[in-house]
Amino acid sequence: MKKKIVLLGATGSIGTSALEVINEHKDKFEIVLASAHSQFKKLIKIGREFQIPNLALTNSNIPKGKSVVAENFIRGNADTLQFLDEIDYDIMLNAIVGSAGLVYTVKGLKSEKTVALANKESLVMSGELINYIIKNNDSKLIPVDSEHSAILQCLMGTARSTEIRRIILTASGGAFRDWKKEDFPKITLADTLVHPTWDMGNKITVDSATMANKGLEVIEAHYLFQLPYDKIETVIHPQSIIHSLVEFIDGSLLSQLSYPDMKIPIQLALSYPQRLPATADFTDVQTLSALTFTPVDYEKYPMLEMAYEVGRTGGSMPTVFNAANEAAVDLFLHEKISFTEIPKIVEKLIQTENIKQPDLKTILATDKKIKKKVYTDYS
Ligand code: NDP
Ligand code: MG
C-alpha cells in the first residue's frame with residue numbers, strides 16, 4: 001500500500017526536494033493533494049507530472065488560469081482546509097513558509113494524521129497547543145528540519161529523557177559568519193541571499209544570516225523533544241556536515257552526519273521509522289578533511305539571544321517574536337529596511353504584553369496584530 005501524501009508548499013525549496021524523494025520512491029508514496037500559494041503554472045506542471053488528483057492554490061487573489069488538469073482545483077485557505085476533511089491521506093508534509101503554515105499543522109494533527117513538519121514557525125507559535133493536541137489524539141509530528149531530524153535519529157533507542165544531558169544544534173553561521181559586526185551596516189540584500197552551504201527559500205536564508213533561524217530551531221527543539229532551554233545549546237559548524245549532537249549523561253556524544261541535502265531528512269520523515277534507499281548522494285568521508293566548531297557570538301547575532309528569552313517567557317511571546325521577524329524580513333526582502341534594522345524591530349516588538357496559555361484564535365490574532373504594527377511603522 002502506498003502512503004498517501006498531502007504536500008503543502010509544493011513549489012518551494014523543500015517542496016521541490018520532497019518531489020525528488022517521492023519521484024524516486026513512486027512505489028511507496030503517492031501525492032493526493034499539492035498546494036502552492038501563488039505559483040499557479042508551476043503547480044499545474046507538478047500536478048501533471050505527478051498525476052495529482054487535487055491541487056490547491058491558497059492565494060485566492062491570483063487570477064484563474066486555463067488548462068487545469070486536476071480532478072479538483074481548490075482556491076484559498078478556507079476551502080483548502082475544508083477539503084482536507086474530505087480526502088483520505090496518511091501524511092501531511094507541511095513545507096509552507098511562515099505563520100501561514102500553523103492552521104495546516106493543527107488541522108493535520110487534529111485529524112489524527114502524521115505531520116512531517118518543515119514549517120518550524122507553527123511549532124514556535126503554538127508549541128504548547130500542538131503538544132496538547134498530539135497528547136490527546138492519535139497523531140504524530142515528525143521533524144523535517146535537518147537539526148531536529150538529526151536529534152531524532154540520535155535518540156532512536158533512548159527510552160528515558162533523563163539520560164540526555166544536553167542537545168547541541170549546529171549552525172552554519174549564515175552569509176555573514178566571516179564578517180565583522182562593524183561591517184553589518186554595509187550589508188545588502190544580494191549579500192544576504194547567498195548562503196554558504198544550503199540552497200533554501202529567501203525567508204529562511206535571511207533568517208540564517210541573522211541566526212533568527214537557529215533561534216526558531218531552539219524553540220522548535222524545546223517543544224519537539226520536551227527539553228528545558230538550558231539543555232539546548234548552539235554551536236557554529238561552518239561545514240554543515242554534522243547536523244546536530246546529543247550528549248548523554250555518561251559523556252557520550254552522538255551525531256548524525258551527511259552532506260547538506262534536505263532530501264535526507266525529508267525522506268526519513270516520510271518513511272519514519274523505516275529507512276529507504278538514498279535519494280541524495282552518499283557522503284564520501286574521505287572528502288571531509290576538517291569539521292570545525294566555534295562558539296556563537298551573541299553580540300553579533302542578537303536574534304538568537306532574543307529567541308532564548310521569548311522561548312523561556314512562553315505564552316504569546318514566541319508568536320510575537322516570530323511575527324515581528326517575519327514582517328521585518330519581508331520588509332528587508334522588499335528593500336524597505338536595512339539588515340541591521342531586523343533585530344531592532346523585533347527587540348522593540350517583544351516588549352509587548354505577554355498572554356499566557358493562548359488558544360489558537362489568540363495566537364492567530366497576535367500574529368496579525370504584530371505584523372500589522374511592523375508594516376504600519378516601518379513601510
Ligand atoms: P520557499 O519560500 O522556497 O517555499 C515556500 C512554499 O510555501 C511555496 O510553495 C509557497 O508557494 C508557499 N507559500 C508561501 N506563502 C504562503 C502562504 N501565505 N500560504 C500558503 N503557502 C504559502 O520556502 P522553503 O521551502 O525554503 O521553506 C519552507 C519551510 O520549511 C519554512 O518554514 C522553512 O523555515 C522550513 N525549512 C526549510 C529548509 C530549506 O532547506 N529550504 C530547511 C529547514 C526548514 P508559492 O511558491 O506559490 O509562493
Ligand atoms: Mg534547520
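This is a predicted model, so every value here is computed, not measured. Indexing begins at 1, ligand by ligand and atom by atom, following the structure's order. Residues take their numbers from the sequence shown, with the count starting at 1.
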How does [X] reach ligand 1, by side chain, by backbone, by both or by neither, if only non-hydrogen atoms under 4.0 Å count?
X    : answer
S13  : both
T11  : both
H37  : both
K203 : neither

Hey, which atoms in ligand 1 end up nearer than 4.0 Å to a heavy atom of [X]?
X    : answer
E121 : 31 (C), 32 (O), 34 (O)
S38  : 45 (P), 47 (O), 48 (O)
M262 : 40 (O), 42 (C), 43 (C)
I204 : 26 (O), 33 (C), 34 (O), 36 (N), 37 (C), 38 (C), 42 (C), 43 (C), 44 (C)

Return the name of the atom in E217, of element N, O or S, nearest to the Mg ion (ligand 2).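 Of all N, O or S atoms in E217, the Mg ion (ligand 2) lies closest to OE2.
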
Pairing donors with acceptors under 3.5 angstrom, does anything connect the side chains of T352 and K369? no

Could you check whether Y259 and T287, counting side-chain N and O atoms only, form a donor-acceptor pair closer than 3.5 Å? yes

Heavy-atom nearest neighbour of atom 26 (O) of ligand 1 within options G201, A56, G9: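 Ranked by closest heavy atom to atom 26 (O) of ligand 1, first place is G201.
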
Heavy atoms only: which of L7, I14, D199 lies closest to atom 25 (O) of ligand 1?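 It is I14 whose heavy atom sits nearest to atom 25 (O) of ligand 1.
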
Any ion pair linking [Y] and [X] (charged N to carboxylate O, less than 4.0 Å)?
X    : Y    : result
E341 : K344 : no
D79  : R75  : no
D359 : K361 : no
K203 : E121 : yes
D85  : K107 : yes
K186 : D183 : yes

Is the distance between the ring centroids of F50 and F29 less than 6.0 Å? no

Considering only the protein, which heavy-atom contact is closest to [atom], and what is its distance?
atom                    : answer
atom 6 (C) of ligand 1  : A95 O, 3.6 Å
atom 43 (C) of ligand 1 : D145 OD1, 3.1 Å
atom 34 (O) of ligand 1 : K120 CE, 3.3 Å
atom 29 (C) of ligand 1 : I96 O, 3.5 Å
atom 5 (C) of ligand 1  : V97 CG1, 3.6 Å
atom 35 (C) of ligand 1 : A118 O, 3.1 Å

May I ask you to check if ligand 1 and G12 share an N or O to N or O distance below 3.5 Å? yes

Using side chain to side chain donor-acceptor pair (under 3.5 Å) as the criterion, point out the one residue from H148, H243, R275 that pairs with Q153.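 When side chain to side chain donor-acceptor pair (under 3.5 Å) is applied between Q153 and each of H148, H243, R275, only R275 qualifies.
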
Once rounded to 10 degrees, what value does the angle at the Mg ion (ligand 2) take between OE1 (E147) and OD1 (D145)?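 That angle is 100°.
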
Salt bridge (charged side-chain N to carboxylate O under 4.0 Å, His left out) assessment of K2 paired with E30: CA-CA 6 Å; K2 290 186 190 180; E30 64 176 313; 5.7 Å; no

